[in-house]
Amino acid sequence: MKTKNIIAILAALPIMAGLVACKSDDETTAKPAKERLRVLGGDIEIRSNDETTSVAVSADCHWRVQDLDAGDFGNSLTVQPREGIGDGTLVVSTDQNTTKADRTATFVLVSDGGLKQKVTIRQTGSGDGMNLSKGTFTFSAVPEGAQLLTITSNTSWTIQVPAGISWLHLDKTSGTSGVTTIQISVDNSATDAQRSATLAVLYGNSSAEFTVTQEGITGQIFLHAPEQLSRFNYEGGSQEFMVESNAEWQAYIPSSCTWLHLEESRDSTGAIRIGSGVGNSMLRVRCDANNTTRDRLTAIIIIAGSKNPQQAVVLVEQAANGSQQSVLTVGDLTSMYVANTSAEFRFSFVSDEEVVDYGLVFSPTEQVPTRENAETVTVGRGGFGGNVMATLDNLQPSTTYYVRAYVLGTTLGRVYSPNVVTITTSSSQHEPGESDNPDPTLAPRR
């Protein structure tokens, strides 16, 4: 029985072989499917100040990103997603390129069927580049410590601190390329006003800025100084006194006072100042010798604070010089114009004591007029000197007058101008537009 089965099987083999031999080569050879995979646009370009960019992937298969070489980007470069099916989008992320040079990276896009595309990522260089970690720094009136500024640069840089800013301190004001950390600190505030400074960071042909602000002290500003200094004798000298305050203060002497001066002194912080201080500090003044016969008085004005300023007034007095005689001088009298019933004159005087009054004396008969033998016109009262303009009215036309200036001193009596001016009034009123020039025939007489 077994023999019959074996014979039947062997008989059938040629028939099966013939059936197989009838199939074509196309039907017996396996072919892979035709795949599509590419990054649209080819290589990826990123500008220096961009941090992300997107590119389209055209595909009809499963694909993946492999062999990513970050190159000059280092850890800052990412490409997502790392795989996909069919059309998709790749997102490339990095940071801004603050270096002068371009930087590149590469990766390969691969399909399951073996298609490959190599893609290059290129980010342009920025030239001279600078990045500041912060643009503003704010401190309280009593700061707790320094604050940090980080500068990232691809070139050397310098910080410019505005002139006169002494309360702000930096531990570095220059550096080279790379990352540099700077400590910013400020002094305790001594005023109730906010203060601020903007600093420029210069690099290459460009610059960046950051601002430091400090709040003012809170609470009431107080200020105290003596009401009056000890009286200076006529020889002058120096005195100093304490100004008490919880703020910065400034002292002033009226500009009209030329005999009292503020001098150098050291304030509570150890700084040498002239006419200013911080907190409780000494103020020193110097008084010139008094060469006049009158006492003189002035005041020192002290101001503390800004928003709600406080003021103190310190009186300063100096004794007269008893060994000196009073001085009163009157300058020449000058005729300015002469009309038919009026005339105008100018003169000056200087006195080291306040005068009683001053003016003109005039007469048509007395060639040396005085207050006793001539008419008097008072022009002003008081004062210690100056240039005086004086007018005579109600004169007679076609009349000659003799005119002289006078000043009545407190102790020296009456002092006259050294010259007598002779004028002759005109016979009639001037026509409109006619000049009021002085009469050319007038001549002063001594």
Side-chain angles (χ1 to χ4, degrees), residues 234 256 258-259 290-297 319-446:
Y234 76 91
S256 58
T258 60
W259 50 272
N290 187 357
N291 293 322
T292 71
T293 58
R294 68 178 187 274
D295 293 347
R296 51 191 184 186
L297 179 69
N321 188 343
S323 64
Q324 300 292 320
Q325 294 296 318
S326 296
V327 175
L328 173 58
T329 60
V330 181
D332 283 343
L333 181 67
T334 302
S335 173
M336 303 303 293
Y337 80 86
V338 179
N340 66 327
T341 61
S342 63
E344 187 174 72
F345 303 86
R346 182 175 64 191
F347 69 95
S348 63
F349 72 93
V350 177
S351 174
D352 63 359
E353 61 180 12
E354 189 167 17
V355 303
V356 178
D357 58 39
Y358 48 90
L360 300 176
V361 292
F362 63 102
S363 172
T365 58
E366 298 294 333
Q367 295 188 8
V368 183
T370 66
R371 282 175 61 101
E372 287 74 25
N373 64 14
E375 293 187 65
T376 301
V377 173
T378 299
V379 176
R381 301 180 185 278
F384 296 92
N387 292 313
V388 180
M389 297 296 294
T391 302
L392 294 180
D393 293 314
N394 301 319
L395 300 177
Q396 296 297 317
S398 302
T399 304
T400 298
Y401 289 93
Y402 304 97
V403 187
R404 197 155 60 140
Y406 82 91
V407 178
L408 179 58
T410 305
T411 60
L412 291 177
R414 201 168 289 108
V415 177
Y416 294 95
S417 60
N419 65 321
V420 177
V421 173
T422 303
I423 64 170
T424 300
T425 56
S426 58
S427 59
S428 61
Q429 293 280 358
H430 289 175
E431 294 296 327
E434 186 177 350
S435 173
D436 282 337
N437 289 331
D439 189 333
T441 63
L442 301 181
R445 56 179 294 182
R446 298 284 182 181

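Keep in mind it's a predicted model, so treat the numbers as computed, not measured.
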Checklist entry - Which pair of non-hydrogen atoms, one from L360 and one from A390, has the smallest distance, and what is that distance? => result CD1-CB, 3.6 Å
Checklist outcome for this item: L328 and G413 have their tightest heavy-atom pair at CD2-O, 4.2 Å
Checklist entry - Do R404 and T370 have side-chain heavy atoms sitting under 4.5 Å apart? => result yes
Next on the checklist: Go through it in stages, so that I can follow the logic: the residues are F349 and S417, the test is side chain to side chain contact (heavy atoms under 4.5 Å, CB included), and I'd like the CA-CA distance, side-chain angles, deciding distance and then a yes or no.
Outcome noted: CA-CA 9 Å; F349 72 93; S417 60; over 6 Å; no
Checklist entry - For N387 and S348, which heavy atoms make the closest approach, and how far apart are they? => result OD1-CB, 3.3 Å
Checklist entry - Mind checking what makes salt bridge (charged side-chain N to carboxylate O under 4.0 Å, His left out) contact with R414, not counting sequence neighbours? => result E372
Next on the checklist: Does R346 have more than 12 heavy atoms from other residues, nucleotides or ligands lying within 6.0 Å of its CZ?
Outcome noted: no
Checklist outcome for this item: Of all heavy-atom pairs linking P369 and V420, the shortest is CD-CG1, 4.1 Å
Checklist entry - With no hydrogens and no angle check, is any side-chain donor or acceptor of T425 less than 3.5 Å from a backbone partner on A339? => result no
Next on the checklist: Working note: D352 + R294, criterion side chain to side chain contact (heavy atoms under 4.5 Å, CB included); need CA distance, chi angles, decisive distance, verdict.
Outcome noted: CA-CA 7 Å; D352 63 359; R294 68 178 187 274; 3.4 Å; yes
Next on the checklist: Pair D357, Y406 - check side-chain hydrogen bond (donor to acceptor under 3.5 Å, both in side chains), show working.
Outcome noted: CA-CA 9 Å; D357 58 39; Y406 82 91; 3.2 Å; yes
Checklist entry - Would you say the side-chain atoms of D295 pair up with the backbone N or O of A320, donor to acceptor, closer than 3.5 Å? => result yes
Checklist entry - Are any side-chain N or O atoms of N340 and backbone N or O atoms of P397, one a donor and one an acceptor, separated by less than 3.5 Å? => result no
Checklist entry - Relative to each other, are the rings of F347 and Y358 parallel, tilted or perpendicular (30° and 60° limits)? => result perpendicular
Checklist outcome for this item: Tightest non-hydrogen contact, residues T376 and V361, listed as OG1-CG1, 3.6 Å
Item to check | Side chain proximity check, W259 to N290, heavy atoms < 4.5 angstrom | outcome: no
Item to check | From CA spacing to verdict: side chain to side chain contact (heavy atoms under 4.5 Å, CB included), L395, F362 | outcome: CA-CA 10 Å; L395 300 177; F362 63 102; 3.9 Å; yes
Checklist entry - For the atom pair CZ (R371) and CG (L408), what is the distance rounded to the nearest 0.5 Å? => result 6.5 Å
Checklist entry - Is atom CG of D393 surrounded by more than 12 heavy atoms (other residues, nucleotides or ligands) closer than 6.0 Å? => result yes
Item to check | Heavy-atom closest pair, residues E353 and T293 | outcome: OE1-OG1, 4.5 Å
Next on the checklist: Show, in sequence, the C-alpha distance, side-chain angles and deciding distance for T334 and M336, and conclude whether the side chain to side chain contact (heavy atoms under 4.5 Å, CB included) test is met.
Outcome noted: CA-CA 6 Å; T334 302; M336 303 303 293; 4.3 Å; yes
